[in-house]
Amino acid sequence: MNFYLKNHTIYNSKVNNDLVILCFSDLHVDKSFNFNLLKSFVETANSISPHMICFAGDLANEAGVFEDKYVRKALVDFFYSLSFIAPVYIVRGNHDCLTNVDGKWKSFNSDSFFESLNNISNVHTLFNESLSTNIPNVSISGQDIGNDTYQYYHFYYESMEAYFYYVSPYIVDLERNVDVNDFNILTIHSPINAFIREFSNFSLVVSGHMHNGALPNCLDKLLPGNFGLIYPRDKIKLFPRLARGMVSLEQDAYGVICPPMNMSQKYSNNCLVKKLYKPGMTTINVKRDL
């Protein structure tokens, strides 16, 4: 299977050696998902030989699917396979904490499934915590709002006020827990609001959620900048300004917005959608800056 691979390079004096990070997001798995995609992803990841793998949320299209035995086994097997390539770090997205009942989104507690992934050696679900990695002077943190997901994403639609109430306090706490002398990575799901704040202790912020602003792969390659066509949510917004690519943040930090592995589960079998949107992933090459 062909993937849409984006590559970014950043320079930083805090790393001892060059570092390759493979990032992906927005699988949106449901019972009709083509699980052969996961096998192809593992093969591609193996060919890249990253030092670490980050998943930036929305593993499920709706979290009720985690109760399906076949889906659970397929996902556990997927992360188990990835764990032989490199350490895997996971954060949840909004779809991972919500279920759809009669067309209405409701909160869903997916803690047990994501906690079970921690039983796999070399796989880590990050619930607002920071971990040292097996790479000297490199740490990774993950932000998660869990039970507040519905309020933030579907009641307040990611407003700035809601961000400072529901999201920002977790990031502030995470920043306090990391060594400023290390190359510190933060993994979040949504870049909205987060990418306009100052990150004093994080050198790299990895996110997903925006589905590349629904920009077809061919246009993504041609058009500069970070804008998209559509913010793909229930409340449609046109031309979101932070939808794709790499963003220069304050304090020599960078933010990366991963393209989706699954642009639209609803239209995943549509021939035009398949042609315009290949499953996406991102490599971030961190070079030692002397």
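Residues take their numbers from the sequence shown, with the count starting at 1. Fair warning: this is a prediction, and the values are worked out from it, not measured in the lab. No hydrogens, no waters, no symmetry mates; every other heavy atom, side chains included, goes into these values.
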Atom pairs and distances, donor-acceptor, side-chain atoms in residues 217-229, under 3.5 Å, two or more places apart:
residue, atom, partner, partner atom, Å
Asn217, OD1, Lys278, N, 2.7
Asp220, OD1, Lys6, NZ, 3.4
Asp220, OD1, Arg244, NH1, 2.6
Asp220, OD2, Tyr4, OH, 2.6
Asp220, OD2, Lys6, NZ, 2.9
Asp220, OD2, Asn212, ND2, 3.1
Asn226, ND2, Arg244, O, 2.8
Asn226, ND2, Met246, O, 3.1

Atom of Cys258, atom of Cys23 and distance for their closest heavy-atom approach: SG-CB, 3.4 Å
Heavy-atom neighbours of Phe35 CZ exceed 12 at 6.0 Å: yes
Aromatic contact, Phe66 with Phe108 (centres under 6.0 Å): no
Interatomic spacing from NZ in Lys287 to CG in Asp18 - rounded to 0.5 Å: 4.5 Å
Main-chain N/O of Asn46 paired to Ser49 side chain as donor or acceptor, under 3.5 Å: yes
In one Ile/Leu/Val/Met/Phe/Trp/Tyr side-chain cluster, 4.5 Å: Ile90, Ile53: yes
Main-chain N/O of Gly57 paired with Ser25 side-chain donor or acceptor, under 3.5 Å: no
Any donor-acceptor pair under 3.5 Å from Asn118 side chain to Thr125 backbone: yes
Neighbour count >12 (heavy atoms, 6.0 Å) for atom CZ, Phe3: yes
Hphob cluster co-occupancy, Val172 + Leu249, side-chain heavy atoms under 4.5 angstrom: no
Polar side-chain atom of Asn122 near backbone of Ser83 as donor-acceptor pair, under 3.5 Å: yes
Heavy-atom closest contact (Ala60 atom, Val65 atom, distance): CB-CG1, 3.7 Å
Val91-Tyr153 co-clustered via ILVMFWY side chain contacts under 4.5 Å: no
Backbone N/O of Val15 and side chain of Arg288: donor-acceptor pair under 3.5 Å: yes
Backbone of Asp30 reached by a side-chain donor or acceptor of Asn61 within 3.5 Å: no
Output field: ring centroids Phe127/Phe114 closer than 6.0 Å: no
Aromatic ring pairing Phe24/Phe78, orientation class (parallel under 30°, perpendicular over 60°, tilted between): perpendicular
Centroid separation Phe155 to Tyr150 less than 6.0 Å: no
Heavy-atom donor-acceptor pair, Asn201 side chain to Val178 backbone, under 3.5 Å: no
Flag, side chain of Asn262 to backbone of Leu27, donor-acceptor distance under 3.5 Å: yes
Aromatic plane relationship, Tyr231 with His209 - under 30° parallel, 30 to 60° tilted, over 60° perpendicular: perpendicular
Same cluster (ILVMFWY, side-chain, under 4.5 Å), Val71 and Leu82: yes
Distance-only donor-acceptor hits, side chain of residues 97-104, under 3.5 Å, sequence neighbours excluded:
residue, atom, partner, partner atom, Å
Thr99, OG1, Glu62, OE1, 2.4
Asn100, OD1, Gly103, N, 3.0
Asn100, OD1, Lys104, N, 3.3

Residue list, salt bridge (charged side-chain N to carboxylate O under 4.0 Å, His left out) with Asp58, at least two apart or on another chain: none
Which residues share a side chain to side chain contact (heavy atoms under 4.5 Å, CB included) with Arg241, sequence neighbours left out: Ile196
Ring centre gap for Tyr170 and Tyr166 strictly below 6.0 Å: no
side-chain hydrogen bond (donor to acceptor under 3.5 Å, both in side chains) against Asn16, all qualifying residues, sequence neighbours excluded: Asn137
Geometric class of the Tyr163/Tyr152 ring pair [parallel <30°, tilted 30-60°, perpendicular >60°]: tilted
Sequence neighbours excluded, every pair satisfying salt bridge (Lys or Arg N to Asp or Glu O under 4.0 Å) that has a member inside residues 165-188: Asp173-Arg176, Glu175-Arg197
Expected output: side-chain His211 to main-chain Met263 donor-acceptor under 3.5 Å: yes
Electrostatic pair Arg72:Asp68 at N-O distance under 4.0 angstrom: no
Ile188 with Met210, same ILVMFWY side-chain cluster at under 4.5 Å: yes
Thr187 side chain to Val206 backbone, donor-acceptor under 3.5 Å: no
